[in-house]
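Below you'll find the structure, written out as structure tokens, and then a few comments.
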Amino acid sequence: MAQENNPCIGSDFDDFLKEEGLYAEVNAGAAKKLLALQLSRALEENSMTKTELASRMRTSRAVINRLLDPANLALNLQTVSKAATALGKKIEIRLVEQN
């Protein structure tokens, strides 16, 4: 029995997202989710509360909640950098080639 040609064979999920115009949005969401997870873990490692982090950053608890919310993509590098410093970390940002 001959196999039918499947136009989807050989493509991957990234290709699908690009074709649908969703790649950048999904990629940003994944990056924010990872950042929120890393910040949450750093809070735990430092036995620090959100209120303590806000105090060290000289900002509000609402800013911290937005920073730790994986669904909230609105953030700026200065806020991320201040959070990292307050947690004894630094940020690294890289541009890499797309596959």
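FYI, the numbering just counts along the sequence from 1.
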Glu45: salt bridge (charged side-chain N to carboxylate O under 4.0 Å, His left out) partners, not counting sequence neighbours: Lys89
Listed partners of Lys50 passing salt bridge (charged side-chain N to carboxylate O under 4.0 Å, His left out), at least two apart: none
Separation between [atom1] of [X] and [atom2] of [Y], rounded to the nearest 0.5 Å:
X: Thr79; Y: Arg66; atom1: OG1; atom2: CZ; result: 8.5 Å
X: Arg61; Y: Glu52; atom1: CZ; atom2: CD; result: 10.5 Å
X: Glu25; Y: Leu22; atom1: CD; atom2: CG; result: 6.0 Å
X: Lys82; Y: Ile91; atom1: NZ; atom2: CD1; result: 13.0 Å
X: Ile64; Y: Met48; atom1: CD1; atom2: CE; result: 10.0 Å
X: Leu87; Y: Arg41; atom1: CG; atom2: CZ; result: 14.0 Å

Val63-Leu77 co-clustered via ILVMFWY side chain contacts under 4.5 Å: no
Cluster overlap Phe16 with Tyr23, hydrophobic side-chain contacts below 4.5 Å: yes
Check: Leu39 and Leu53 side chains under 4.5 Å, non-hydrogen atoms: no
Leu73: hydrophobic cluster co-members (side-chain, 4.5 Å): none
Could you tell me whether the side chain of [X] and the main chain of [Y] form a donor-acceptor pair under 3.5 Å?
X: Lys32; Y: Leu67; answer: yes
X: Asn46; Y: Ala42; answer: yes
X: Thr85; Y: Ser81; answer: yes

For Asp69 against Ala71, the heavy-atom pair lying closest together: OD1-N, 2.9 Å
